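Notes follow once the structure below has been shown.
Treat the numbers as computed from the prediction; the structure is a model and nothing was measured. Lettering follows sequence order; numbering is per chain, from 1.
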Amino acid sequence: MATQCKDYDFTAIEAHWQDQWAQEKTFKAIDGDTQRPKYYVMEMYPYPSGAGLHAGHAENFTGGDVIARYKWATGHNVLHPMGWDAFGLPAEQYAVKTGQHPRVTTQRNVATFTRQLNKLGLAIDWDREINTTDEIYYKWTQWIFLQLYKHGLAYVSEQPVNWCPELGTVLANEEVIDGKSEVGGHPVVRKNLRQWVLRITAYAEKLLQGLEKLDWPESSKKQQAHWIGRSTGAQVVFDIEEQDAKIEVYTTRPDTLFGVTYMVLSPEHKLVQQLTTGDQRELVDAYIEAAAKKSDLERTELAKIKTGVFTGSYAINPVNGKRVPIWIADYVLASYGTGAIMAVPAQDERDWDFAETYDLPIVRTVQPPEDFTGKAYTGDGPCINSDFLNGLQIAEAKEAMIKWLEQHQRGEAQVNYRLRDWLFSRQRYWGEPFPIVFVDEAAYRKARELGGVVARDMPEETVSYEDGGQTYYALPIPAEQLPLVLPRTENYKPSGTGESPLSKVTEWVDVWFNLETGETVSRTETQPAGDAWVPASRETNTMPQWAGSCWYYLRYLDPKNTEQLIAPEIRDYWGSVDFYMGGTEHVTLHLLYARFWHQFLVDIGVLKEPEPFLRLYHQGIILGEDGEKMSKSRGNVVNPDDYIQEFGADALRAYLMFMGPLDDMKPWKTDGIKGVFRFLQKVWNEFAGRDGAVNSKVQDEGEEQKDTLKLLHETIKKVGDDMEHQRFNTALSQMMIFMNHVAKAETVQASTARAFVQLLAPICPHISEELWQRLGGEGTVAKAQWPKYDAALLESAEVKIGLLINGKPRGEAMVAKDATQAQVLEQAKADPKVAPHLEGKTVRKVIYVPGKILNVVAN
RNA sequence: GGCGGAGUGGCGGAAUGGUAGACGCAUCCGACUCAAAAUCGGACGCCGAGAGGCGUGUGGGUUCGAGUCCCACCUCCGCUACCA
């Protein structure tokens, strides 16, 4: 049913059709529909912040929506879902500030977002809505963690971490930018804390290999590959003079081993104390203390001047027996390789800088070219000063050296990755609790002996930690006992000590734990009867925000399943995500983590497809009207709601798609939306008319005019091609050209109008549904079969071609499509605008491209 | 420093090696109007009265023909950054 509107009352029309779609469940994806090909398209789900929907969201969701609608129209069974990434810091920080519980603010924000998204007219299957903070959802987040734990991919580690005093939490490396927190920009320092860590490095190779087959932007693949950072080289063992210890280093340049003039340990290296001699002790201790206090910002920003101190000890170079001094310096990272390096200043810029500062010797082992004027030489060349390597090029020398090291048992070839294990715990309230309890050693042993479901979900290798002389052993809360519900407490403020707020909820933390069944009872109750019940303490850290987003694309497939993460037949039907749209900023975080979990789930038999996201697409950032990044402080923020109210969702959607290529960064121009609004107004006026259901120029009987028909088919072709390649801006241009023609035509056939409205529907669905109805279309335009163009109609008997003399355009001519070169040349010679340019010249050559140009070369 | 992307009218942007500037915005002229808005018609790269000349960051090259291909350079943006 269409509305009764006379004018283009977009508010009424849009509300009407949005209701209609919701009621009819027009965009419900059907599990197991074998009649139509499936298509799974999704956008990165939003974090429901208090600020509401912004322009970037609108662009992201509209872009995905146009694709979804186009796929429906071309006969696909489309899955286009939506959900909420609702755990995370901002809700908790807001709670701390205002005293409102995160659950309350989250619910409120989700309601706001839902209302805003609906106003955009998105073709979403809302029956599959998910929320990462729902128990039914995070039960499975916990379940996946449990599987990771069981398979030895989750461990506890006391390690220096990025501690942000302001936020009262630890951050992942990826959440620290220039030594400041990504959220809020607060300073970050190092602190040792007990943490859960996921062994993503075990998947480094697989994650790298998997990239090859993905249809992702090349730059994103490169970025991820760089993040994984595979390098090949050798591990080399250095003896230490008059000491029992050995230093292991990793190097990508084993060929330069003869050029080692000193060694450097990171200040955190475990051998530092042992290697420091009495007279150096004071200096070394002071240096270590200073390095520990430095924030990451200081450590990187002050990197221009490298600092370090001598430990007093010497290492012995395994290839030539030379003694080289061992230094410590914070330009060597504890977390990469072995935390120690062999320094070869002649072939490494960093080492050169350091050697220069501290007056350490430099020995070239690669002959630089004669014209080389720089300091460290990192290019190729023949080896020198290198004994048995002399004369070899770098690649050969590396091989020879590795062979030598292996023969003499002083090292071996090694592959290294830049990727670090993933720091997976947060000292926060608003996240998924870990399905873990800690018990003493006796209880731990007993759990294994009992062989219940607890033992079943235990990893082979014991996970434990020490604190105050006591060892705590981790035991899983087995799958049967999930979800482990986040306790409803008002104690969500950060403790400030680095402990999670949950640690203060003692009635939740301290439990009786059944070592066989994994059941728990608060220790405020009396101990249940039976040997299997022991006192235990829950893990009080929570999971990071990334956890829920690692697998949400799977939950959309089977959102209400309480028995399985996903039913196999549903998994097999939908497979992987065909089109995933979101910002580039998630390439090294979310997209890598999600691939890791996905590959893991494949390995344990839960999933089959090797990769989660086959096609990745990044929408470009929308800048403010001033060409600057939108921000509250600049006051250039565009609120989509304002424009929906003033021009309608269709106009907003059309403008967002018309601004320029979807993946380009581009500035918002309010005047621009007026242009597309005029276009929609024109569509309405031409087809609906100003004062009736249909404009009187729309004809039901008779034939379409030739030129209109030709243009229509050109438009069908152009829009279809553009839709396939996400070129929505040029698709709209073509539709504007078409409407400009219709506006000038005396009449137009209803069938023509309907076909046009179909083309418009993916981008402007509301006005299209309305006009489709009025023009006599059947059912919803969203699912009407996409028009086909007739190639024969695209041809015309006469074509316009350009007449060029010596490559310069001098005129144009209408000629028969199959005109010969001679005919066209005649016409050119006779053309009053062209002829003067040929006067007195001899024609040397003629190039004729039928339908395009005739170029006469003359002098 | 490394990786990636981009430089086209006043602006957003179009152009399988084939008449650069489609489409839209802004501006100007005209019609309608008492007037304005809306709408419609027209103009709109730069220089030039005109013929014409010059024009896609700069310099070279390939080609009958280059925004598009090749080489060198300049500028801007994004990401990343002591990873040995």
Practice task
Ignoring backbone atoms, test whether A:Arg678 places a side-chain nitrogen or oxygen under 4.0 Å from the OP1 or OP2 oxygen of B:A26.
Solution key: yes
Practice task
Verify whether one side chain among A:Trp227 and A:Gln223 offers a donor that lies under 3.5 Å from an acceptor in the other.
Solution key: no
Practice task
List in numerical order all residues of residues 217-225 of chain A for which some heavy atom is under 4.0 Å away from an atom belonging to RNA chain B.
Solution key: A:Ser219, A:Lys222, A:Gln223
Completion exercise
The side chain to side chain donor-acceptor pair (under 3.5 Å) partners of A:Lys398 (sequence neighbours excluded) come to none
Practice task
Enumerate the residues from residues 730-739 of chain A whose closest heavy atom to RNA chain B is under 4.0 Å, giving them by residue number; use none for an empty result.
Solution key: A:Thr730, A:Ser733, A:Met736, A:Ile737
Practice task
Using modelled atom types only, decide if a donor and an acceptor are shared between the side chain of A:Tyr262 and the backbone of A:Asp351 within a distance under 3.5 Å.
Solution key: yes
Ignoring hydrogens and angles, write down the donor-acceptor pairs under 3.5 Å from the side chains of residues 738-748 of chain A, residues two or more places apart or on other chains.
residue  : atom : partner  : partner atom : Å
A:Asn740 : OD1  : A:Lys682 : NZ           : 2.8
A:Asn740 : ND2  : A:Met736 : O            : 3.4
A:His741 : NE2  : A:Thr708 : OG1          : 2.9
A:Thr747 : OG1  : A:Gln705 : NE2          : 3.3

Practice task
Rounded to whole angstrom, note down the C1' distance from B:G45 over to B:U19.
Solution key: 16 Å
Completion exercise
Letter by letter from the 5' end, nucleotides 27-33 of chain B scores (B base, S sugar-phosphate only, - none; protein heavy atoms under 4.0 Å) -------
Exercise for the section: Give a yes/no answer on whether the side chain of A:His837 brings an N or O atom under 4.0 Å of OP1 or OP2 in B:G52. Expected result: yes
Practice task
Select base, sugar-phosphate, or nothing to describe what A:Asp351 touches, counting heavy atoms under 4.0 Å on all strands.
Solution key: nothing
Handout entry: Dot-bracket encoding of pairs in RNA chain B, which uses [ ] for pseudoknotted crossings and | for another strand, Watson-Crick or G-U under 3.5 angstrom
Key = (((((((..(((.....[....))).(((((.......))))).(((....)))..(((((..]....))))))))))))....
Practice task
Describe, in one word, how the ring planes of A:Tyr643 and A:Phe647 are oriented to each other, choosing from parallel (under 30°), tilted (30 to 60°) and perpendicular (over 60°).
Solution key: parallel
